[in-house]
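Encoded as C-alpha cells, the structure appears first; notes follow it.
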Amino acid sequence: MICFPTLEKFPQLSKDLSAHYWLVVINIKAKRFEVIDSLARRGCALLMESCHLLIANIKVMWGKEYANSKVDIVDWPIEIIDNPKQTNGYDCGFFTLQNLEEKHGRTTTSLTQKDLTKIRILFTDRLIRFVDNKVSWSLFV
C-alpha cells in the first residue's frame, strides 16, 4: 500500500473549515484506489471531484516514474472506505494520522470523537520525546 495524506484548501469557506486532511491509498493487492475521509460522506460531490483530480495526477506521475512497472494503475477503480466520522470541523488531521498508523488492508481507525483528548496527549508526547527533537522545552514550561 502507498498512502497519500492530502491537505485540501477551501479558501471560499469559513476560517474553521478552510482546509481539510484526508487520505488516498493505492492498494496494490486489491488493485484499487481507496479514499478515507473523516468528514465527507459517501457520494459527496466535492470529495469525488477532489479525488478524481488527485488520482489523475497520481496516474500521470506513476506512468512517468514507473513506465516499466508490471503494475498498471490506469483503470483501477476508486472506492470510498467507510470510516468513523469527526463531529467538528478541525479534527481531520488526527483522524488522518490515526488512519495512517492503523491502515492494514480494508480496516480503518476505530477512533471516535470522544477519543480525541487522549489522542492529542499521545501525539504531543511522541513529538516532545522524539529523539531528533532539539527544542529546549524549558522555554515553554
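Remark: N68 CG is loosely packed, at most 12 non-hydrogen atoms of other residues, nucleotides or ligands lying under 6.0 Å away. Around CG of D125, the count of heavy atoms belonging to other residues, nucleotides or ligands within 6.0 Å exceeds 12.
Annotation: the span from I73 atom CD1 to I58 atom CD1 amounts to 7.0 Å, rounded to 0.5 Å. Here CG of L54 is found 7.5 Å from CZ of F4. Values are rounded to the nearest 0.5 Å. With rounding to the nearest 0.5 angstrom, the CD1 atom of I80 is 10.0 Å from the CD atom of E34. K59 NZ to D75 CG: the interatomic distance, rounded to the nearest 0.5 Å, is 7.0 Å.
Nearest heavy-atom pair across E8 and W22 is OE1-NE1, 3.1 Å. Shown here for K85 and L39, the closest heavy-atom pair between the two residues is CD-N, 4.3 Å. Between C92 and S38 the shortest heavy-atom distance is CA-OG, 3.7 Å. Contact detail for P5 and T96: the closest heavy-atom pair is CB-CG2, 4.3 Å.
Looking at heavy atoms from C-beta onward, H20 lies in side-chain contact with D37 at the 4.5 angstrom threshold. Proximity of Y21 to L97: side-chain heavy atoms (C-beta onward) are nowhere separated by under 4.5 Å. Annotation: side chain of W76 is in contact with side chain of I26 (closest heavy-atom distance under 4.5 Å).
Cluster annotation: L7 is not connected to I2 through the hydrophobic network of ILVMFWY side chains, with a link wherever side-chain heavy atoms come within less than 4.5 Å. Both M1 and I36 are part of a single hydrophobic cluster, where members link through side-chain heavy atoms under 4.5 Å apart.
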Q) Can you list the steps and then say if H52 with F33 is a side chain to side chain contact (heavy atoms under 4.5 Å, CB included)? A) CA-CA 10 Å; H52 282 289; F33 290 91; over 6 Å; no

(Q) Go through it in stages, so that I can follow the logic: the residues are N57 and M61, the test is side chain to side chain contact (heavy atoms under 4.5 Å, CB included), and I'd like the CA-CA distance, side-chain angles, deciding distance and then a yes or no. (A) CA-CA 6 Å; N57 282 291; M61 292 309 297; 5.6 Å; no

Q: Kindly determine whether W62 and V71 satisfy side chain to side chain contact (heavy atoms under 4.5 Å, CB included), including the steps that lead there.
A: CA-CA 10 Å; W62 186 278; V71 178; 3.9 Å; yes

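Listed by chain and residue number, N27 satisfy the side-chain contact (heavy atoms from CB on, under 4.5 Å) test with K29 (two or more places apart in sequence, or in another chain).
No donor-acceptor pair under 3.5 Å is formed between the side chain of E79 and the backbone N or O of I81. A donor-acceptor distance shorter than 3.5 angstrom exists from the side chain of N99 to the backbone of F95, with no hydrogens or angles considered.
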